[in-house]
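What you see is a predicted model; the values in this text were computed from it and never measured.
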Amino acid sequence: MNNKIDAISWKILNYLQKNARESFAHIGRQVGLSAPAVAERVKKMEDLGIITGYKAMVSHTETGYQLKAIITLRAFMGKLKPFLELVGTFDEVINCYRITGNENIIMEVVLRNQFHLEQFIDRLIQYGEARTHIILSDVVSNAPIKKIEG
């Protein structure tokens, strides 16, 4: 996978991962290319599926969600598939992964308060055993993917 892009494209990726709104002209000055050359490389990385999209980072607390939590779910027999079909409709879920181990699912959720958390867990328990971990603070968040040397 690393052979799809060279060192300059990795530098461009690093700038875009830090700020996707950075101008191609500014990135070009940093990596020694013209703005059109940066745009061409970005387009190539989009076409290759290396860059899969752009998004705004939104503060959950500033939008009224006072709690952020990690919830794992160990699905009951026959309940995993129905849960997988439903989980995308939950407004509280901002990330969800199917995982290995004792639990089947791990979700990152945002909630207004502890009462909202209780209501959300009540919706989950028909699908399996839920474990909740309240997030106190972000230690590492959205760290850029970097080139692996070697």
Does any N or O in the side chain of Q17 come within less than 3.5 Å of the main-chain N or O of I145, such that one atom is a donor and the other an acceptor?
yes
Is the F83 ring parallel, tilted or perpendicular to the F90 ring (thresholds 30°, 60°)?
tilted
What are the two closest heavy atoms between H116 and Y65, and how far apart are they?
CE1-CE2, 4.4 Å
Taking atom CG of L48 and atom CD1 of I5, what is their separation to the nearest 0.5 Å?
8.5 Å
Would you indicate whether E40, at its atom CD, is surrounded by more than 12 heavy atoms from other residues, nucleotides or ligands within a distance under 6.0 Å?
no
Among K11, R41, K147, find the residue that satisfies the salt bridge (Lys or Arg N to Asp or Glu O under 4.0 Å) test when tested with D6.
R41
Using 0.5 Å steps for rounding, measure from the CG atom of L86 to the OG1 atom of T89.
4.0 Å
Among pairs that include at least one residue of residues 77-93, which meet salt bridge (charged side-chain N to carboxylate O under 4.0 Å, His left out), considering only residues two or more places apart or in two chains?
E92-R123
Tell me if the OH atom of Y54 is crowded by more than 12 foreign heavy atoms within 6.0 Å.
yes
Just how far is it from atom CZ of F76 to atom CD1 of I125, taken to the nearest 0.5 Å?
8.0 Å
Tell me whether V93 is reachable from L117 by hopping between hydrophobic residues (I, L, V, M, F, W, Y) whose side-chain heavy atoms are closer than 4.5 Å.
yes
Heavy-atom pair of closest approach, residues V38 and I27
CG1-CG2, 4.0 Å
